[in-house]
There are 2 protein chains.
Amino acid sequence: METKYNIVKQAIMSKILDGTFQPHQKIYSESELMKQFDVSRHTVRVAIGELVTQGWLYREQGAGTFCVDRSEVETSMNASNQKNIAIITTYISDYIFPSIIRGAESYLSQHGYHVSLFSTNNNHENERKALNKILTQRFDGVIIEPTKSALFNPNINYYLNLERKNIPYIMINAFYDELDPLSITMNDEKGGYIQTKHLIELGHTNIIGFFKTDDIQGNKRMKGFLQAHREHGVFVDPSNIVIYSSEEKATKPVEFLQEKLSVGEDVPTAIVCYNDELAIRLLDVIREKNLQVPEDISIVGFDDSFMANATEVKLTTIQHPKSKMGESAAKMILDIVKAVTGSNKKARDTAESIVIDSELIIRDSTKQINK
Amino acid sequence: METKYNIVKQAIMSKILDGTFQPHQKIYSESELMKQFDVSRHTVRVAIGELVTQGWLYREQGAGTFCVDRSEVETSMNASNQKNIAIITTYISDYIFPSIIRGAESYLSQHGYHVSLFSTNNNHENERKALNKILTQRFDGVIIEPTKSALFNPNINYYLNLERKNIPYIMINAFYDELDPLSITMNDEKGGYIQTKHLIELGHTNIIGFFKTDDIQGNKRMKGFLQAHREHGVFVDPSNIVIYSSEEKATKPVEFLQEKLSVGEDVPTAIVCYNDELAIRLLDVIREKNLQVPEDISIVGFDDSFMANATEVKLTTIQHPKSKMGESAAKMILDIVKAVTGSNKKARDTAESIVIDSELIIRDSTKQINK
DNA sequence: TCCGATTTGTTCGTATGTATG
DNA sequence: GCATACATACGAACAAATCGG
């Protein structure tokens, strides 16, 4: 027990225990300790190394070696360092979510984290169950795609509980306004705006807009839709705005368009869709009525999903980074997680929400109108 | 992560996990490792040091370094019934896998289990990493979609270690023959058979078959393709069979068909595709050549994916249960998990692999030929 | 019981890389 | 840009424990 590194180790221990080194305070540098004990750097490093693995100190390259706050250790130590990140999405298999999940999974697994998946099917009850499990078991962080973000969220308490338990979370695609969380979202208002602007500039004035309004995205896109009309001095026929909920997505817009195209008069020349999924659905309706896209009707999607390219008529749509967004979300949550566990408050405070700019991708489903 | 000591550390970890180093067995001496990795003793000691502090190895001066018996540690750890199921797939975001994952997630979360996701991108190295994590952390069961199932699998040892650790696993879509595991698969041979039979009965005799042959599914579908020809007395032109690997999937088949259609003579009248993804890709090629489906060329897909319905020409294809398969897999693994933990061996022994019958879905991409 | 070969433990010196402030 | 501090890596030496002959 009278090895040199053990002497150094014990000396440092004493200073921690007698309070000379307070939590988060920098201890002597390695070269300082070399002088004090007249030993080599290697010996000092062995001594400090053992104290680090035993959880008394932590090192920060370029800054120094610091004393750990034991009180914090016990709260986070309560579970084995499993390195788990949870992802809650509305749908796992549909649409753009698989890509988002893949992007996140790829980044997280590269950094040694597990990815646990929960899907809510856009249902608050399921969201509650998922949050319940996350609170019960051990997770280091959560990436959440909010369920029905435009409606009042009955699970607010669960989110507040996450905060109380020091489990960081971020939101993607949308966020609950009340919580003011860190988030990565699209600029949906601008998206709706440029969808519509594009059509107006092509000469369209009779444009139907379909918006899913239980998610906040739909509301914002509608806002952009209206703004584009206003700015270009085009009057919006109120009956040209169709709002629907997740539950109605397979029926209401389709039926509305069938009706509208059957009447034969006041037929719209263009359609703004909440997303590509709807656009594809409406494409079928248009085909049934023996109309051509884009000759008879122009149509704009949103999200640039795989669907936009799978059809014969390649969709004009708004770009969505998908797997890149998943990756960004993963990076953001890991940065925060490390800041929390590493008792380095700085990164947490400097983290900022990201709003991704919306850009139009022009393909073959929109066309200049010649009246 | 690419530090020398980390390389050595990971290498030793692998040998522990794949069973090369048995509990209490002596591992290579420091000087041995120095030679093997061509590093200094210091580096070797750092690597071993970390593994010792992490509880994988223990050192005895004068004797050597030994492997810790994890089973002793884990039986006590076992108490924390975390209820985790891991799913390893080749791709998370592509094609039919999201649906499979959703089916499994839905069933498992309803039964109080977590779902952790791993994707291999059809790469053995990534598969190894995933298995590594599953062996290291605590999982109750694993659902695996094999990576390149037709090729020799270098990770067999990891699977055997799963068995040794009493972590049950099942395979979906395909399986490694050597392991003879419980599995849920399609009847791929019949699938290829009825794809082809359908075309032959429509009068086609000049049929190209595209098969991805690094997965076992492709080999079986090709077998069915050949059998259908044989049974109907139709000669197969060897140049009409195109095999490709995952890496070539975006290029080789497309280029082959472009070439074939350019020649102008001996143009095929029908195409059998390994899956819908390829069918859609080839549909574009056919369009470029100003040919019509199904008037000029009939085409049959496989899997009945979302793509089969997204295009203007709805694909004739083979039905795949997708989310139902995920659900079945989830049910099967839970049954086994419960049997193992409940020390009720019966259910485990009675569990049987499922082969799902293949059925043809006839849509608009195939047509009677009139010569 | 002792010897010698092997193996891990401790310590020093040196050099270069990288992050921080 | 610069000094400081930690991170990785090589080389060398001697000490202490183990084990087979």
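So you know, we letter chains A, B, ... as the sequences are listed, proteins then strands, and number each from 1.
- Residues Ser149(A) and Asp215(A) come closest through the heavy atom pair N-OD1, 3.4 Å.
- What separates CZ of Phe37(A) from C1' of dT11(C) is a distance of 16 Å, to the nearest Å.
- One distance of note links CD1 of Ile12(B) with OG1 of Thr20(B); it measures 12.0 Å at 0.5 Å rounding.
- In this structure Glu50(B) satisfies the side-chain hydrogen bond (donor to acceptor under 3.5 Å, both in side chains) test together with Lys9(B), sequence neighbours excluded.
- Under 4.0 angstrom from either OP1 or OP2 of dA5(D) there lies no side-chain N or O belonging to Thr65(A).
- Glu50(B) places its CD atom 12 Å from the C1' atom of dA7(D), with the value rounded to the nearest Å.
- Remark: Ser109(A) pairs with Glu105(A), Lys133(B) by the side chain to side chain contact (heavy atoms under 4.5 Å, CB included) rule, at least two apart or across chains.
- Looking at Thr120(A) and Thr147(A), their side chains do bring a donor and an acceptor atom within 3.5 Å of each other.
- With values rounded to the nearest 0.5 angstrom, Ile87(A) atom CD1 is found 10.0 Å from Ile134(A) atom CD1.
- OP1 or OP2 of dA7(D) has at least one side-chain nitrogen or oxygen of Arg59(A) nearer than 4.0 Å.
- Straight-line distance from the CD atom of Glu30(A) to the P atom of dA19(C): 17 Å, rounded to whole Å.
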(message) So if I define the base as every atom that isn't primed, P, OP1 or OP2, how would nucleotides 10-21 of chain D read as a B/S/- string at a heavy-atom cutoff under 4.0 Å?
(response) B--B--BBB---

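- Distance Tyr58(A) OH to dT20(C) P: 13 Å, rounded to the nearest Å.
- Look at CG on Leu51(B): it is 16 Å from C1' on dT8(C), rounded to the nearest Å.
- Computed from coordinates, the Tyr28(B) OH to dT8(C) C1' distance equals 19 Å when rounded to whole Å.
- In terms of the side-chain hydrogen bond (donor to acceptor under 3.5 Å, both in side chains) criterion, residue partners of Glu125(B) (sequence neighbours excluded) are, by chain and number, Arg128(B).
- Met34(B) places its CE atom 13 Å from the C1' atom of dT8(C), with the value rounded to the nearest Å.
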(request) I would like to know whether Glu60(A) and Lys26(A) meet salt bridge (charged side-chain N to carboxylate O under 4.0 Å, His left out); could you show each step before the answer? (result) CA-CA 10 Å; Glu60(A) 279 184 22; Lys26(A) 185 171 171 301; over 6 Å; no

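- Computed from coordinates, the Phe66(A) CZ to dA19(C) C1' distance equals 12 Å when rounded to whole Å.
- Looking at residues two or more places apart in sequence or on another chain, you find a side chain to side chain contact (heavy atoms under 4.5 Å, CB included) between Asn157(B) and Asp18(B), Leu160(B).
- When the local axes at the two ends of the helix from dC2(C)-dG21(D) to dG21(C)-dC2(D) are compared, using 5 base pairs at each end, they differ in direction by 20° after rounding to 10°.
- Between dT8(C) and Arg45(B), no contact under 4.0 Å exists linking OP1 or OP2 to a side-chain N or O.
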